[in-house]
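Just below is one structure, and these are the notes that go with it.
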Amino acid sequence: MRLSSQTEALRHPRAVFRSDRWSLVRNAFLHCVDGEIRPTVAFVLGHPQVGGRGLRLWLHRLEVDYRPLPHRLPCDLVQVYLDCNEAEPLHDCAGCGIAIPVNPNLFSIDGDPDRVYFSECPSCGSATGLHAYWTHSAGATFSESFLARAI
């Protein structure tokens, strides 16, 4: 006998919550994607066998760790994730925080990627890099709080 959806939700609240959160993040993300490529992105997100691993990683990152999204994601940024299966959202923008694709180097000791697609953010023009957004925002927060205590 199959349990009702409410009973199932009570038994597995995290799974249901995660599913709802994924849908919200997915819909918000698709809203930011240009209309011309939106159907392709939606299809790829729903069909892992056709690629788009980097896009799904980006959405999982948004789901767990809030990052702002611009009103419109640059087409060339999204296109990298569609065209290159090795592209992963391992860098980010220091200014706006969007995920920047790189091809990871699995044999690098210091974590340098094989390929960096954007050294400047295609959305806002700021520098990109590993943990660039959090490094930039954490530094400002630390400086502001330090100055506030010093005064």
Side-chain angles (χ1 to χ4, degrees), residues 2-141:
R2 185 142 177 98
L3 298 173
S4 72
S5 60
Q6 290 178 340
T7 306
E8 192 68 30
L10 292 174
R11 293 185 73 203
H12 303 286
R14 287 187 186 155
V16 172
F17 177 67
R18 185 185 184 288
S19 174
D20 290 344
R21 200 168 53 192
W22 171 259
S23 295
L24 290 172
V25 168
R26 181 184 175 277
N27 291 341
F29 183 85
L30 287 172
H31 181 73
C32 297
V33 173
D34 186 74
E36 289 183 23
I37 62 172
R38 188 178 298 147
T40 304
V41 172
F43 180 80
V44 167
L45 288 174
H47 299 87
Q49 66 275 15
V50 298
R53 180 175 172 266
L55 280 174
R56 283 186 298 282
L57 288 172
W58 187 2
L59 266 66
H60 284 296
R61 187 168 152 189
L62 289 170
E63 183 182 23
V64 173
D65 184 20
Y66 174 74
R67 299 286 176 109
L69 285 172
H71 291 292
R72 286 284 169 242
L73 290 168
C75 284
D76 51 346
L77 175 77
V78 177
Q79 196 65 49
V80 168
Y81 288 107
L82 293 173
D83 293 342
C84 182
N85 258 351
E86 292 81 29
E88 295 185 10
L90 299 177
H91 283 190
D92 47 27
C93 172
C96 67
I98 64 171
I100 303 295
V102 299
N103 286 6
N105 181 346
L106 302 177
F107 303 105
S108 173
I109 295 173
D110 57 2
D112 289 335
D114 273 343
R115 181 170 183 192
V116 176
Y117 290 95
F118 303 97
S119 58
E120 292 182 351
C121 178
S123 182
C124 74
S126 295
T128 66
L130 184 63
H131 307 300
Y133 181 71
W134 293 120
T135 302
H136 182 265
S137 62
T141 305

List the atom of [X], the atom of [Y], and the distance in Å for their closest heavy-atom pair.
{"X": "Ile98", "Y": "Cys121", "answer": "CD1-SG, 3.9 Å"}
{"X": "Leu77", "Y": "Pro101", "answer": "CD1-CD, 3.3 Å"}
{"X": "Gly51", "Y": "Asn85", "answer": "CA-OD1, 3.5 Å"}
{"X": "Val116", "Y": "Val102", "answer": "CA-CG1, 4.1 Å"}

Could you pull out all residues at least two apart from [X] that satisfy side-chain contact (heavy atoms from CB on, under 4.5 Å)?
{"X": "Ser126", "answer": "Cys93, Cys124"}
{"X": "Asp114", "answer": "Asn103, Asn105"}
{"X": "His71", "answer": "none"}
{"X": "Ala42", "answer": "Arg26, Leu30"}

Output the distance between atom [atom1] ([X]) and atom [atom2] ([Y]), rounded to the nearest 0.5 Å.
{"X": "Asp34", "Y": "Leu73", "atom1": "CG", "atom2": "CG", "value": "9.5 Å"}
{"X": "Leu55", "Y": "His60", "atom1": "CG", "atom2": "NE2", "value": "11.0 Å"}
{"X": "Phe29", "Y": "Arg56", "atom1": "CZ", "atom2": "CZ", "value": "11.5 Å"}
{"X": "Thr40", "Y": "Leu82", "atom1": "OG1", "atom2": "CG", "value": "7.0 Å"}

Please enumerate all residues that pass salt bridge (charged side-chain N to carboxylate O under 4.0 Å, His left out) together with Arg38, with sequence neighbours excluded.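 Salt bridge (charged side-chain N to carboxylate O under 4.0 Å, His left out) list for Arg38, sorted by chain: empty.
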Who passes salt bridge (charged side-chain N to carboxylate O under 4.0 Å, His left out) against Arg53, sequence neighbours left out?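 Listed in chain order: Glu88.
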Partner of Ile100 by side chain to side chain contact (heavy atoms under 4.5 Å, CB included), out of Pro89, Ser123, Pro122: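 Only one of Pro89, Ser123, Pro122 forms a side chain to side chain contact (heavy atoms under 4.5 Å, CB included) with Ile100, namely Pro122.
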Sequence neighbours excluded - ring-ring contact (aromatic ring centres under 6.0 Å, His included) pairs with any residue from residues 97-121: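 Checked against ring-ring contact (aromatic ring centres under 6.0 Å, His included) - neighbours excluded - no pair reaches residues 97-121.
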Considering only residues two or more places apart or on different chains, which pairs with a residue in residues 73-95 satisfy ring-ring contact (aromatic ring centres under 6.0 Å, His included)?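 Output for this query lists Trp58-Tyr81.
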Sequence neighbours left out, what passes side-chain hydrogen bond (donor to acceptor under 3.5 Å, both in side chains) with Asp76? Give chain and number order.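 Per chain and number, Asp76 pairs via side-chain hydrogen bond (donor to acceptor under 3.5 Å, both in side chains) with no residue.
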Which residue pairs satisfy the side chain to side chain donor-acceptor pair (under 3.5 Å) criterion with at least one member in residues 92-101, sequence neighbours excluded?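 Non-adjacent pairs meeting side chain to side chain donor-acceptor pair (under 3.5 Å): Arg61-Asp92, Arg67-Asp92.
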